[in-house]
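I have placed the structure first, in the form of structure tokens, so that the comments after it can refer back to it.
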Amino acid sequence: MLTFDIDRSSPTPLYFQLAQAIEGAITGGTLPSGSKLENEVLLAQRYGLSRPTVRRAVQELVDKGLLVRKRGVGTQVLQPHVRRSVELTSLYDDLVRGGEAPTTEVLSLERVPATGRVAEDLELVEGDEVVVLRRLRRSHGEPLALMTNHLPGRFSPTVEELAERGLYQYLRSQGVHLRVAHQRIGARLARAEEARLLDEPPRAALLTMQRVAFDDHGTPVEVGRHLYRASRYDFEATLVGR
């Protein structure tokens, strides 16, 4: 049961006060993912609010992706979106910093000859050995991202290392200082295996991220091709006018 005090003398609109209280309960864990919100009639009666005020507060959180209305079930709490700033950081580090509980399943780890665009991005000769790792990243037990990365052959990460920490943590442990990256963000529909691994419907929308990261000597050390659930993940950027 949600409890909070309405401040009728505040200039803050009543619907926004209610929306903030519900959002605080969600982010604070009082209303965990999957729990059901009381219906609008009960909320209106408890806090002396009109139904349109309560409906607007609930819609505010539906629009933010924190609540979902389900016919025959009611209004339920969704797992909050992961919002990630566009910076040279790893998903693992960002999740830990945000209080999440990331886990990693290593789907494959192999050494193959570099071909085509990967060889070009890593400034290698075609046929040079590269390490290819494919991982499924989860947060609070739910799939979040499917990540494929290529490293130059001089690196030798193990499955255990990649399962226990992020790739960038591994690179730092090898004395690599990441300095800059070229990154492109896009979107596409999920293929059958991707949808299955990410627990999404067939042909669901996915965010894509392609990145080439360089160390402080200007040497490329990592090529990433990542897929993120658009239902659970978005990028944030601060834009400055000229």
Side-chain angles (χ1 to χ4, degrees), residues 82-139 143-188 194 197 206-229 233-242:
V82 174
R83 290 181 168 83
R84 185 178 178 192
S85 59
V86 183
E87 299 175 353
L88 183 48
T89 57
S90 73
L91 174 60
Y92 187 93
D93 290 343
D94 287 344
L95 290 171
V96 170
R97 192 178 302 114
E100 302 285 329
T103 58
T104 305
E105 179 183 351
V106 180
L107 302 175
S108 63
L109 175 62
E110 57 184 342
R111 292 180 173 272
V112 300
T115 59
R117 186 59 184 271
V118 170
E120 181 182 339
D121 285 341
L122 289 175
E123 298 180 4
L124 300 173
V125 176
E126 286 208 33
D128 285 352
E129 188 177 66
V130 293
V131 179
V132 186
L133 45 139
R134 192 163 181 253
R135 296 164 296 155
L136 180 64
R137 176 67 41 76
R138 293 185 175 90
S139 175
L144 180 62
L146 186 60
M147 304 175 294
T148 301
N149 296 81
H150 292 76
L151 306 175
R154 68 179 183 275
F155 295 107
S156 301
T158 66
V159 170
E160 291 73 24
E161 286 174 317
L162 295 171
E164 291 173 2
R165 52 182 173 167
L167 175 60
Y168 282 12
Q169 285 185 333
Y170 164 77
L171 289 174
R172 288 194 294 269
S173 75
Q174 302 300 301
V176 174
H177 299 96
L178 294 170
R179 185 61 57 191
V180 69
H182 301 312
Q183 179 167 285
R184 184 166 68 251
I185 296 169
R188 67 169 174 81
E194 295 162 351
L197 288 169
L206 300 178
L207 289 171
T208 66
M209 188 274 285
Q210 300 182 46
R211 174 186 285 184
V212 182
F214 301 80
D215 65 16
D216 47 10
H217 301 293
T219 303
V221 293
E222 177 249 349
V223 173
R225 303 285 186 267
H226 296 181
L227 298 170
Y228 302 92
R229 297 174 67 183
Y233 189 94
D234 51 47
F235 290 97
E236 290 185 345
T238 300
L239 307 180
V240 180
R242 293 185 176 180

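- At least one side-chain heavy atom of L197 sits under 4.5 Å from a side-chain heavy atom of R134.
- Inter-residue side-chain proximity for E161 and Q169 is flagged as unmet; no heavy-atom pair is nearer than 4.5 Å.
- In this structure, R184 places its CZ atom where only 12 or fewer heavy-atom neighbours from other residues, nucleotides or ligands lie under 6.0 Å away.
- In summary, of the residues considered (L124, L151, N149), a side chain to side chain contact (heavy atoms under 4.5 Å, CB included) with V130 occurs for L124 alone.
- In this structure, M147 CE and L162 CG are separated by 9.5 Å, a value rounded to the nearest 0.5 Å.
- Looking only at atom types and distance, the side chain of T219 has no donor-acceptor partner in the side chain of R179 under 3.5 Å away.
- Among L171, D216, D215, the single residue meeting the side chain to side chain contact (heavy atoms under 4.5 Å, CB included) criterion with H177 is D216.
- Taking T115 as the reference, nothing meets the side-chain hydrogen bond (donor to acceptor under 3.5 Å, both in side chains) condition, with sequence neighbours excluded.
- Tested against V176, the residues F155, F214, Y170, Y168 include a single side chain to side chain contact (heavy atoms under 4.5 Å, CB included) partner, F155.
- E194 is listed as a side-chain neighbour of R188, based on a closest heavy-atom distance under 4.5 Å.
- Residues L133 and V106 are not in side-chain contact: their nearest non-hydrogen atoms beyond the backbone lie 4.5 Å or more apart.
- The one candidate from H226, E222, R225 that meets the side chain to side chain contact (heavy atoms under 4.5 Å, CB included) condition with R211 is E222.
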